Novice: 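Please see the structure below; I have some questions.
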Amino acid sequence: MEVIIRETRELAVSLTAAIIARALNVRPQLVLGLASGRTMEAVYSLLVEMCEDDGLDFSLARTFNLDEYIGLPPEDSHSYRFYMNKHLFHRVNIDLRNTHLPNGMAEDLDAECVRYENEIRECNGIDLQLLGIGRAGHIGFNEPLSAMRSRTRPKALSPGTVEQNALLFGGADLMPRRAITMGVGTILEAKRCVLLATGEEKAEVVAAAVEGPVTSMISASTLQLHPKCTVIVDEAAASCLRMTDYYRWIFENEPEWQDYA
Ligand code: GLP
């Protein structure tokens, strides 16, 4: 795992977008794993700018999102499909048929999860998986105690996650209590992972995930098992990390992230 600390949120976001753009330039048919949440909005906004101003080309890219709420149709403004269309897909030259999210409206949710895993497999797996981190240390909706070998499945949301996301729904009562999420095992199979976390409210959980023990209580800690994982944080999100001097030295002298594209 490589931890990169950037001075500001803007610099952390722009490095994340640059890594994605570089991977896409190297491999136009990139299979990109995508995340939702407030942190990612700034990344998508930069990718849109790069597409408009620098000709970043999404025309051959294929995308798979981490998760989707159960019971929300794509046209619901709280669904992750709506979020992705709004922040990225409708604003870049991607073919919508190449964009995939789990169908949270499927009658048979287990069959939908198998279908999603098969779709990823048919694309030969995810080349680059973008990740945020939730307050409970979760990636996707892999809430505490998610098995490290778990696959795409329906998952009940923890009270902390409901509290964190309830604001967006105008109250916890209006929020779905379950989601379909890629499993920890699914995520760890991506050829490369990039996790972005910004802001002081992520500082403790980032430190636990990066420097703490690997535990299913904090699903992001399993990224320590991934051979090509880059964690990008701003100073605020880095404020509980202990080995910051070392991370800074690596970034200045022997950066790994450039070798991965
Ligand atoms: C949700 C999503 C995660 C995301 C997390 C953090 O739980 N399922 O994929 O990383 O929120 O979101 P935010 O960036 O809004 O803090």
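Computed from a prediction, not measured in an experiment: that's the story for all the values here.
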Novice: Could you check whether any side-chain N or O of N142 sits under 3.5 Å from a backbone N or O of M182, counting only pairs where one atom can act as donor and the other as acceptor?
Specialist: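 Side chain of N142 to backbone of M182: a pair is present.
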
Novice: Measure from the side-chain N and O atoms of S79 to the backbone N and O of P74, and report whether any donor-acceptor pair falls under 3.5 Å.
Specialist: yes

Novice: I would like to know whether D127 and R192 meet salt bridge (charged side-chain N to carboxylate O under 4.0 Å, His left out); could you show each step before the answer?
Specialist: CA-CA 6 Å; D127 294 313; R192 180 181 184 185; over 6 Å; no

Novice: Taking C-beta and beyond as the side chain, do I70 and P176 meet within less than 4.5 Å on heavy atoms?
Specialist: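 Side-chain contact under 4.5 Å: no.
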
Novice: Whether the side chain of T244 engages the backbone of L241 through a donor-acceptor N/O pair (distance < 3.5 Å, no angle test) should be reported.
Specialist: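 No, T244 side chain to L241 backbone: no donor-acceptor pair under 3.5 Å.
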
Novice: Report the residue from D234, T16, L15, V13 that forms a side chain to side chain contact (heavy atoms under 4.5 Å, CB included) with R6.
Specialist: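 For R6, the side chain to side chain contact (heavy atoms under 4.5 Å, CB included) test succeeds with only one of D234, T16, L15, V13, which is L15.
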
Novice: So, Y69 and N165: side-chain donor and acceptor under 3.5 Å apart, yes or no?
Specialist: yes

Novice: Which heavy atom in L128 sits nearest to a heavy atom in I20, and how many Å separate them?
Specialist: CD1-CA, 4.3 Å

Novice: Please find the pair of heavy atoms, one from A21 and one from M50, that lie closest to each other, and give the distance.
Specialist: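 For A21 and M50, the tightest heavy-atom pair comes out as CB-SD, 3.6 Å.
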
Novice: Would a 4.5 Å heavy-atom cut-off, applied to side chains only, mark I4 and V231 as touching?
Specialist: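 I4 does not reach V231 side chain to side chain.
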
Novice: Distance only, no hydrogens: is a donor on one side chain within 3.5 Å (strictly under) of an acceptor on the other, for T99 and R81?
Specialist: yes

Novice: Aromatic rings F141 and H138: how do their planes relate, parallel, tilted or perpendicular, breaks at 30° and 60°?
Specialist: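 Rings of F141 and H138: parallel, under 30°.
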
Novice: Would you check if there is a donor-acceptor pair between the side chains of S158 and T161 at a distance under 3.5 Å?
Specialist: yes

Novice: Taking atom CD of E75 as the centre, report whether more than 12 heavy atoms of other residues, nucleotides or ligands fall under 6.0 Å from it.
Specialist: yes

Novice: For atom CE of M1, is the number of surrounding heavy atoms from other residues, nucleotides or ligands below 6.0 Å larger than 12?
Specialist: yes

Novice: Keeping N103 on the side-chain end and M105 on the backbone end, is there a donor-acceptor pair under 3.5 Å?
Specialist: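 At least one qualifying donor-acceptor pair exists.
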
Novice: State whether the side chain of E2 and the backbone N or O of W257 hold a donor-acceptor pair below 3.5 Å, judged by distance alone.
Specialist: yes

Novice: Treating S150 as the side-chain partner and V184 as the backbone partner, does any N or O pair qualify as donor plus acceptor under 3.5 Å?
Specialist: yes

Novice: Look only at the side chain of E211 and the backbone of M243, and say whether a donor-acceptor pair between them is shorter than 3.5 Å.
Specialist: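 Yes, E211 side chain to M243 backbone: donor-acceptor pair under 3.5 Å.
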
Novice: Of all heavy-atom pairs between L131 and C193, which one has the smallest distance, and what is that distance?
Specialist: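 Heavy atoms of L131 and C193 come nearest at CD1-CB, 4.1 Å.
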
Novice: Taking the six-membered ring for Trp, are F89 and F58 closer than 6.0 Å centroid to centroid?
Specialist: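 Centroid distance F89-F58: not below 6.0 Å, so no.
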
Novice: Looking at R248, I want to see if its CZ is surrounded by more than 12 non-hydrogen atoms of other residues, nucleotides or ligands under 6.0 Å.
Specialist: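 Correct, the count exceeds 12.
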
Novice: More than 12 heavy atoms of other residues, nucleotides or ligands under 6.0 Å from CD of E201: yes or no?
Specialist: yes

Novice: Can you pull out every salt bridge (charged side-chain N to carboxylate O under 4.0 Å, His left out) where at least one residue sits in residues 98-120? Sequence neighbours excluded, please.
Specialist: E112-R115, R115-E119, E117-R121, E117-R151

Novice: Treat each ILVMFWY residue as a node, draw an edge where side-chain heavy atoms are under 4.5 Å apart, and state whether V194 and V31 are in one component.
Specialist: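 No, because V194 and V31 fall into different hydrophobic clusters, even though each may have its own neighbours under 4.5 Å.
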
Novice: Do Y83 and H87 have ring centroids that are under 6.0 Å from one another?
Specialist: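 Under 6.0 Å, so yes.
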
Novice: Are side-chain N/O atoms of S239 and E200 paired as donor and acceptor at under 3.5 Å?
Specialist: no

Novice: Once rounded to the nearest 0.5 Å, what's the spacing between atom CG of L66 and atom CG of L130?
Specialist: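 If we round to the nearest 0.5 Å, L66:CG and L130:CG are 8.0 Å apart.
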
